[in-house]
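Step one of this worksheet: look at the structure below.
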Amino acid sequence: MNAWLLSIVGVVSLGVLLEILLADGETSKYIKGVFALAVVLVLVAPIPKFLNKNFDINEFFGDEIVAQSTFLQSVNERRNIERENKVLAELKKSNISAEKVRVYYLRGDLDYIDVVKVYLNGDCDNDKILDIVSQKVGCDKNKIKIYSS
């Protein structure tokens with residue numbers, strides 16, 4: 001019971017601090033709403049103990065909560081295509097006859113680039129290409145492979 005009272009005091013203290021730090025605006029409304037939900041959860045937390053029932057949060061929500069992996073994968077694919085198109089446009093803007101650019105990621109994570117492949121329609125200055133691609137993509141130059149036809 002003491003822990004519950006301390007958690008209520010802690011949540012109220014955090015609420016006061018949150019109220020002081022947050023500026024007025026649309027985002028603060030959402031943050032305050034989420035915080036209000038947290039306050040309610042803290043307040044009702046001991047109810048299952050009073051009912052002498054084992055309370056499992058997974059039983060409450062069920063196994064219905066599933067990560068939308070296909071949606072997340074499609075979002076990542078679109079972000080990757082957009083990144084590739086930006087690099088291709090930057091190369092063409094620099095008068096480099098690039099055919100296509102492909103960015104491959106380690107374990108499918110967009111933050112860890114494994115290799116960038118640049119396909120050209122002829123010979124160009126490789127150092128210039130490496131500079132442009134590494135700057136635009138944000139990876140080391142040793143991860144960039146250039147293929148010319």
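These numbers were taken from a predicted model, which means no experiment stands behind them.
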Point-to-point distance, once rounded to the nearest 0.5 Å, from CG of Leu130 to CG of Asp140: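 Leu130 atom CG to Asp140 atom CG measures 11.5 Å (nearest 0.5 Å).
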
Partner set under side-chain hydrogen bond (donor to acceptor under 3.5 Å, both in side chains) for Lys92, not counting sequence neighbours: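 None.
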
Minimum-distance pair of heavy atoms, taken over all atoms of Leu120 and Cys124: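 The answer is CD1-CB, 4.3 Å.
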
Verdict with reasoning, Asp114 to Tyr105, per side chain to side chain contact (heavy atoms under 4.5 Å, CB included): CA-CA 5 Å; Asp114 187 31; Tyr105 299 94; 5.8 Å; no

Look at the side-chain heavy atoms of Ile, Leu, Val, Met, Phe, Trp and Tyr, link any pair under 4.5 Å apart, and say whether [X] and [Y] land in one connected group.
| X | Y | value |
| --- | --- | --- |
| Ile8 | Leu18 | yes |
| Ile31 | Leu14 | yes |
| Leu88 | Ile81 | no |

Candidate pair Val133 and Lys141, rule side chain to side chain contact (heavy atoms under 4.5 Å, CB included), full reasoning: CA-CA 8 Å; Val133 174; Lys141 292 180 182 180; over 6 Å; no

Could you tabulate the donor-acceptor pairs under 3.5 Å formed by side-chain atoms of residues 93-104, not counting sequence neighbours?
{"from": "Ser94", "atom 1": "OG", "to": "Glu90", "atom 2": "O", "distance (Å)": "3.2"}
{"from": "Arg102", "atom 1": "NH1", "to": "Glu84", "atom 2": "OE1", "distance (Å)": "3.3"}

Pair listing, ring pair (Phe, Tyr, Trp, His ring centres under 6.0 Å) test, anchored in residues 129-149, at least two apart: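 Non-adjacent pairs meeting ring pair (Phe, Tyr, Trp, His ring centres under 6.0 Å): Tyr119-Tyr147.
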
For Asn126, side-chain contact (heavy atoms from CB on, under 4.5 Å) partners two or more places apart: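 For Asn126, the residues satisfying side-chain contact (heavy atoms from CB on, under 4.5 Å) (neighbours in sequence not counted) are Ile129, Ile146.
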
Lys32 NZ: over 12 foreign heavy atoms closer than 6.0 Å: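 Yes, the 6.0 Å shell around NZ holds more than 12 heavy atoms from other groups.
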
Glu82/Lys86 salt bridge by N-O under 4.0 Å criterion: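 Yes.
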
Nonpolar side-chain network containing Leu17, other nodes, edges under 4.5 Å: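 Besides Leu17, the hydrophobic cluster comprises Leu21, listed by chain and residue number.
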
Would you be so kind as to tabulate the donor-acceptor pairs closer than 3.5 Å made by side chains of residues 33-47, with sequence neighbours excluded?
none

